[in-house]
Amino acid sequence: MNYTPINKGQFTLETPERSALFEKNRGFGNEEAYRENRRQWEDYPKRQFVADYPLHVDVELASVCNLKCPMCYTITPEFKSKVNATLMDFALYTKIIDECAAGGVYSVRLSLRGESFLHKRIVDCIAYAKKKGIKEVSTLTNGLRLDEKLFKEVMELGMDWITISFDGLGATYEKIRHPAKFDRAVEKIVNYAKIKREAGRVKPLIKVQAVLPSIIEGPKAFYDTFAPITDMVSANPLIDYLMNDDSTKIYYHADFTCPQLYQRLVIGADGLVMMCSNDEENLHVVGDARTKTIHEMWHGPELTKARASHARHCGTKDYAACAKCYLPRRTEDAVVMIGERSVIAENYIGRSQVIGT
């Protein structure tokens, strides 16, 4: 038996109807290709099938951030000592996108650890990827630099999806996301929805996500604030971002096999390629996009070795990043009530749900 979680970590606060609509709209304009991509996303990890190219590539435009959220690893001395805080060179970016397009990579996400909108040429980056035919271009943002003018610009370029991290309401949000201001942050999202509506556009889809502790006292209020002005509202239990958990109290699925090794390639802002999207500290670099091709690294010795380790269910023993990762960790169900409606959050056994721990 293999425990291969496909989309573990985040749970939706949505109704089944709105979740289905989000999936439908996510494939808008590429319906057949999207359905096939989603089938491959689930099927390839379960069969441990290595495609010619990854299905998805994370391209980190910035490994720096303009916030200092108390639960984020980017504020730690360890992260700063191991990761080159930089913005991706545009020539490197175009090299990556050229190969993604030629290799049939379905989607790229222009973010990983830092704030993508700190990159001065993010508009050019989006335009270039869409011009080259990348079917889904997305990014994660804290929303501070993104405003109505910029949103309209990226909408016109064909941006497919923007996820906005939004932890809590009112004073809770402002405490976590300092120096962002709650009222202005909500106002912008209201205006994004209006801009889309008036333009008659489906995309970019707007998704808001929060860490569960920031909304646990009032999940319905959080949902009711954002459901009318976004396409999806989600949350995630607090993972060990700060690497503080006692290793003797972490419980793993013994038959865990990592899905990401068959789904995506992750390229940092400096060109270094990580084993997966959860290797935030560059513990296991598998190549350098400045000197190697995506194809070489995807089929290279480091990722081949990692896949073999996971096929033996030894990833958490062989790789430090895997031992710290949330994907192999065992969970317990926690019920979150959205009014009369219940949703299930998979909390990690023994994991503190206090922000800053």
inquiry  = For C276 versus V266, what's the shortest heavy-atom pair and its separation?
reply    = C-CG2, 3.6 Å
Stepwise side-chain contact (heavy atoms from CB on, under 4.5 Å) check, V105 with L55 = CA-CA 5 Å; V105 173; L55 301 171; over 6 Å; no
ask   = Are P179 and E174 side-chain neighbours, meaning at least one heavy-atom pair lies under 4.5 Å?
value = no
key: Spacing of OG belonging to S165 relative to CG belonging to L140, to within rounding of 0.5 Å   = 4.0 Å
message = Would you say that more than 12 heavy atoms from the other residues, nucleotides or ligands in this model lie under 6.0 Å from the NZ of K152, or not?
response = no
task = Decide side-chain contact (heavy atoms from CB on, under 4.5 Å) for K8 and T331; before the verdict, give the C-alpha distance in whole Å, the side-chain angles of both, and the deciding distance to 0.1 Å.
result = CA-CA 10 Å; K8 183 179 179 178; T331 61; 3.8 Å; yes
key: For Y262, ring-ring contact (aromatic ring centres under 6.0 Å, His included) partners two or more places apart   = none
ask   = According to the interplanar angle, ranging from 0 to 90°, do the rings of F166 and Y173 count as parallel (below 30°), tilted (30 to 60°) or perpendicular (above 60°)?
value = parallel
request  = Enter the distance from S277:OG to E60:CD here, rounded to the nearest 0.5 Å.
outcome  = 11.5 Å
query = Residues in ring-ring contact (aromatic ring centres under 6.0 Å, His included) with Y223, at least two apart?
reply = none
message = Going by salt bridge (Lys or Arg N to Asp or Glu O under 4.0 Å), name the pairs with one or both residues in residues 302-322, residues two or more places apart or in two chains.
response = R312-D318
Validation row: P259, Y44 side chains within 4.5 angstrom (heavy atoms) = no
request  = For the residue pair H299 and H295, categorise the inter-ring angle as parallel (less than 30°), tilted (30 to 60°) or perpendicular (more than 60°).
outcome  = tilted
query = To the nearest 0.5 Å, what is the distance between NZ (K46) and CD1 (I6)?
reply = 5.0 Å
key: Test side-chain contact (heavy atoms from CB on, under 4.5 Å) applied to D147 - qualifying residues, sequence neighbours left out   = K149, L150, R184, K188
inquiry  = Contact between K324 and E281 at the side-chain level, heavy atoms closer than 4.5 Å - yes or no?
reply    = yes
Min side-chain heavy-atom separation H56-W41 under 4.5 Å = yes
message = Please give me the minimum heavy-atom distance between Y192 and L146, naming the atom from each residue.
response = OH-O, 3.0 Å
note = Heavy-atom closest pair (E99 atom, Y53 atom, distance to 0.1 Å) is OE2-OH, 2.8 Å
message = Using 0.5 Å steps for rounding, measure from the CZ atom of R121 to the CE atom of M88.
response = 13.5 Å
query = If you look only at pairs with a residue in residues 154-165, which of them pass as a salt bridge (Lys or Arg N to Asp or Glu O under 4.0 Å), with sequence neighbours excluded?
reply = K130-D160, E156-R201, D160-K203
ask   = Do T139 and S116 have side-chain N/O donor and acceptor atoms under 3.5 Å apart?
value = yes
task = Mind checking the CG-CZ spacing from L21 to R26? Nearest 0.5 Å is all I need.
result = 14.0 Å
Derivation of the side-chain contact (heavy atoms from CB on, under 4.5 Å) call for Q260 and N278 = CA-CA 9 Å; Q260 292 202 12; N278 295 324; 3.6 Å; yes
ask   = Is the number of heavy atoms from other residues, nucleotides or ligands under 6.0 Å of K95 NZ greater than 12?
value = yes
note = A320 meets the side-chain contact (heavy atoms from CB on, under 4.5 Å) criterion, sequence neighbours left out, with L283, H284
message = Check this for me, if you would: do D288 and K292 make a salt bridge, where the nitrogen-to-carboxylate-oxygen distance has to be below 4.0 angstrom?
response = no
ask   = Is V137 close to L110 at the side-chain level, that is, under 4.5 Å between some pair of heavy atoms?
value = yes
side-chain contact (heavy atoms from CB on, under 4.5 Å) between I162 and V154, worked out = CA-CA 10 Å; I162 299 173; V154 301; 4.2 Å; yes
message = Checking Y251 now: which residues fulfil ring-ring contact (aromatic ring centres under 6.0 Å, His included) with it, not counting sequence neighbours?
response = none
Atom pairs and distances, donor-acceptor, side-chain atoms in residues 227-239, under 3.5 Å, two or more places apart:
{"residue": "T230", "atom": "OG1", "partner": "F226", "partner atom": "O", "Å": "2.8"}
{"residue": "T230", "atom": "OG1", "partner": "M232", "partner atom": "O", "Å": "3.4"}
{"residue": "D231", "atom": "OD2", "partner": "K196", "partner atom": "NZ", "Å": "2.9"}
{"residue": "D231", "atom": "OD2", "partner": "I206", "partner atom": "N", "Å": "2.7"}
{"residue": "N236", "atom": "OD1", "partner": "Q10", "partner atom": "NE2", "Å": "2.8"}

inquiry  = side chain to side chain donor-acceptor pair (under 3.5 Å), that's the test. Do T4 and T257 meet it? Break it down for me.
reply    = CA-CA 5 Å; T4 311; T257 299; 4.5 Å; no
Residue pairs, two or more places apart or on separate chains, that pass salt bridge (Lys or Arg N to Asp or Glu O under 4.0 Å) and touch residues 248-269 = D58-R264
query = So does K181 pair up with D183, basic N to acidic O under 4.0 Å?
reply = no
request  = For the residue pair S342 and V336, establish whether any side-chain heavy-atom pair is separated by less than 4.5 Å.
outcome  = no
query = Taking only residues two or more places apart in sequence, or in another chain, which ones meet H310 in a ring-ring contact (aromatic ring centres under 6.0 Å, His included)?
reply = F256
request  = Compare all side-chain heavy atoms of N30 with those of E136 and state whether any distance is below 4.5 angstrom.
outcome  = no
ask   = CG/L61 to CG/L87 distance, rounded to the nearest 0.5 angstrom?
value = 8.5 Å
Qualifying salt bridge (Lys or Arg N to Asp or Glu O under 4.0 Å) pairs, either residue in residues 13-25, two or more places apart = E14-R18
note = Here the ring pair (Phe, Tyr, Trp, His ring centres under 6.0 Å) pairs for residues 105-137, sequence neighbours left out, are none
key: Sole candidate of P328, C258, C325 that passes side-chain contact (heavy atoms from CB on, under 4.5 Å) when paired with T316   = P328
key: Intermediate values then yes/no, side chain to side chain donor-acceptor pair (under 3.5 Å), R47 and N2   = CA-CA 10 Å; R47 291 197 293 119; N2 286 323; over 6 Å; no
